[in-house]
Structure formats: C-alpha cells, structure tokens
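Heads up: the structure comes next, in structure tokens.
Throughout, protein chains are lettered first and strands after them, A, B, ... in sequence-line order, and every chain is numbered starting at 1.
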Protein chains: 2
Amino acid sequence: MRLGDGVEWTLHCCTVLGAMPPDLAVPASVLAEFHGVPSAYLAKQMQALSRANIVESIPGRKGGYKMARPATDVTLLDVVLALEGPGRAFRCTEIRQQGPSAVSPSSYVKPCGIAAAMWRAEEMYREGLAATTIADLVAELDVEVGAEQTEKAIIWLAEQLGVAEPPKAP
Amino acid sequence: MRLGDGVEWTLHCCTVLGAMPPDLAVPASVLAEFHGVPSAYLAKQMQALSRANIVESIPGRKGGYKMARPATDVTLLDVVLALEGPGRAFRCTEIRQQGPSAVSPSSYVKPCGIAAAMWRAEEMYREGLAATTIADLVAELDVEVGAEQTEKAIIWLAEQLGVAEPPKAP
DNA sequence: GTCCCTATACTCGGATAGCAAGTGTCCGAGTATAGGCGG
DNA sequence: CCGCCTATACTCGGACACTTGCTATCCGAGTATAGGGAC
C-alpha cells in the first residue's frame, strides 16, 4: 500500500497556487523548479488535476495553472482521488464463491464481511482526508515556516513570473 | 493506492483458521484449494503472517498453519501491516527543502503540514482496521452465508485433513 | 496616434520508453509420522 | 506384546522468473501576446 509521489508534489503545488492571487497562472515548469522535481512528470500529474476540475489550465503565453475552485472547496481527498483513481484500495474478488466448497451464487446474497470491514476503515480514511482543505494548508504554512522562507519564495516566484508587485499581501 | 491481493486471501484464511479448533493445523495447500487461489503464492503470504507471529507454522507431516494467538487478539491492522510492511502510504520527501527558494535546513523545525494532515487521516484508517478482529469476522460468517455453505465447507475440510469428526461444533 | 494583422514564443496535452515492486512459481531443508524390526 | 529405529512423505522456508503499474521523458497542437505595418 503506497501512494505515488505525485500526491505529495501536487499537494505542494496546490498550496502554492492557493497562496497566489486567484487570477495569476503559474506554469508547471516554474512549479517544478520551485520544488526541485522533474518538470515533465509534474506536468503529467497536473493534467490529472485539470481533468478533475481542481485546477484550471490557461494555454498560451503567460499561461499556466490556477485554482479552478476556491481553496476552501478543495480537499485532500479530491486530490488523492484525482491522481490515484476512484477505485478502492481493497478489492473484493469474491473468492468465497470459488473453490470446491462453493454453493450456488444465489446463496451469497449478503456482501462479504471481510470486504465490508475493510471498506468501512477505508471510508474513515477518506473522511479524514476530506476534513482538510487546501486553504487549511495555506493557513498552516505561515506558522510552520518562518517569515524568511515565505519572503524568499515570494520574491523568487514574482521574478519568474515577471511580476513586479509581490503576489501575496503581507 | 492499492492493497495486494494477498491481504484478501490471508484474511479469508485467518477466518477459516479462527473457526477451526485451536490445535488443528491446516496446510497452505488446503487453504489455497479451498479458496481457489494459487497455492505457491499463498504460501508466500502465509510466511509473512508467520513472521509477524499471527499464525504459527507446524512443520512435518500433519503440519500446517494454526492461529498463534486467540482470534480475538488479531486485528485487521495486524494482518495488513504484516503483509504490506510497516511503512506509511504517504511518504514525505521534504521537497519544501529543495528548489531555489529553500533556506537553511535548521529553519524547518516544524514538520511539514501536508505530511501531518495525510498521516492524520492514515491514522484514522489504521484505527478503523484495528477495530475489527478475526473473531468478529468468524462471528459474522455464520449470518452472512447460509447453513448449507457452512456445512459443505466443514465436510470438505474434514475430508482433506483426514479428520472423522466435524471440526466445528454446531 | 490608432487599429489591425501576422509571426512568435510560450503554454498545455497526449503518446512514448524505462524501471521497480508486486505477482507467480519452483526446488531444497527440516520434521513428525508410520511401518518394520528386534527384544 | 512392547519399545526402538529407520525410511518416508509431507510440511514450511527462501531463492528464482515474469508481468503489471508507476516513473520519467519527449514532441506536437493550440493560443495569448508582442511587434510591426497600414490607415
């Protein structure tokens, strides 16, 4: 059981986008260099978020990615489902219906208790993911890193985007 | 994010072992044929459970696997951790410390908020898994399948093990 | 000076190789049993 | 008849190929911009 690296990358990217002005698009290449990750692969992950209507892609010059919805309306669950797919981690193949001691399929009217218990726990996991939004991550970002880091990041991003004014109000 | 098939298989096997008399060992080959899964691969999964002290392996003739602890003391979490490893699904690679805008590592005293949120949800998942024991699955097994299925399974298993008396009291 | 047109440069998007982990299988080491032999 | 010994057959355990899905990368389609030219 392992989540792909793209989940971590895109969550950091969404945090950056959530801290930006809503109308400013950031190219995937800038996001990749900002986090020190491969540019081409991050682009592929951002496409998945674009398909899920989490971020919006702006083509052409001065284009890039920006949040498609307010950061308060995007949860961690949305991002994870967009990248890992809607399928559940535990898949019931109904092996109780196989083997020599199986009876007619009509006898298995109740769902498999093992699958039910596994899916119940998985639902708790999803509720836990849905409890945190991108906006929460942005708010926490101010306290977890010092002002030095924040200012340095803002300056670097503004420089890359060719924007004179700092994108985030202090 | 996907759990291996071995999780489903071994949980069904543990349910069978939990319904058996505590001193009767069932070979992996019988468990495999009972569930209609590859014998050699199931044996590999059972080895992991043996290493985790969930089941006990009895070598030699008339040997096999039996529960190493009471079924009430084995949770779904124990089985999942034994097979998937103790590592967490989300791995924080601290990419916030990479890239051009990074500052000295000593500035990152607080843990990454993204990783904290992900691990919080994962902890809820583990609590959900720990809430169900093998004994619960055995108890639920009586109601979810009819008496026909249960009796047929008992007869088949007794036949395979060479035991005259039905292993489970009605 | 203003408007329009064209060429440009930059963006995303999907199609394409490489690799690691999970999947599936095999054969060897070890042991409790069953039968035979001796007392 | 009872106890001991040996050969056996069966078990688990770890080492060896194969396949699927994730990782990483590239090039092509599309568009807003910027500059130049005409009016």
Ignoring the backbone of [X], work out which of [options] is nearest its side chain.
| X | options | value |
| --- | --- | --- |
| A:P27 | C:dT11, C:dA21, C:dA32 | C:dT11 |
| B:K44 | D:dA24, C:dT23, D:dA9 | C:dT23 |
| B:K62 | C:dT33, D:dT25, C:dG13 | C:dT33 |
| B:S29 | D:dT11, D:dC26, C:dT25 | D:dT11 |
| A:Q47 | D:dT11, C:dG13, C:dC10 | C:dG13 |

Would you tell me if any nitrogen or oxygen in the side chain of [X] comes within less than 4.0 Å of OP1 or OP2 on [N]?
| X | N | value |
| --- | --- | --- |
| A:Y41 | D:dT23 | yes |
| B:Y65 | D:dG13 | yes |
| A:R51 | C:dG14 | yes |
| B:S50 | D:dC12 | no |
| B:S57 | D:dT11 | no |

Is any NZ, NE, NH1 or NH2 atom of the basic residue among B:R96 and A:E8 found under 4.0 Å from an Asp or Glu carboxylate oxygen of the other? no
Please classify the nucleic acid contact of A:S39 as base, sugar-phosphate, or nothing, using heavy-atom distances under 4.0 Å. nothing
Pick base, sugar-phosphate or nothing for B:A25, based on heavy-atom distances below 4.0 Å to the nucleic acid. nothing
Please figure out whether B:G60 or A:M46 has its closest DNA chain C nucleotide nearer the 5' end. A:M46
Count the heavy atoms of every other residue, nucleotide or ligand shown that sit under 6.0 Å from CD of B:E84, and state whether that count exceeds 12. yes
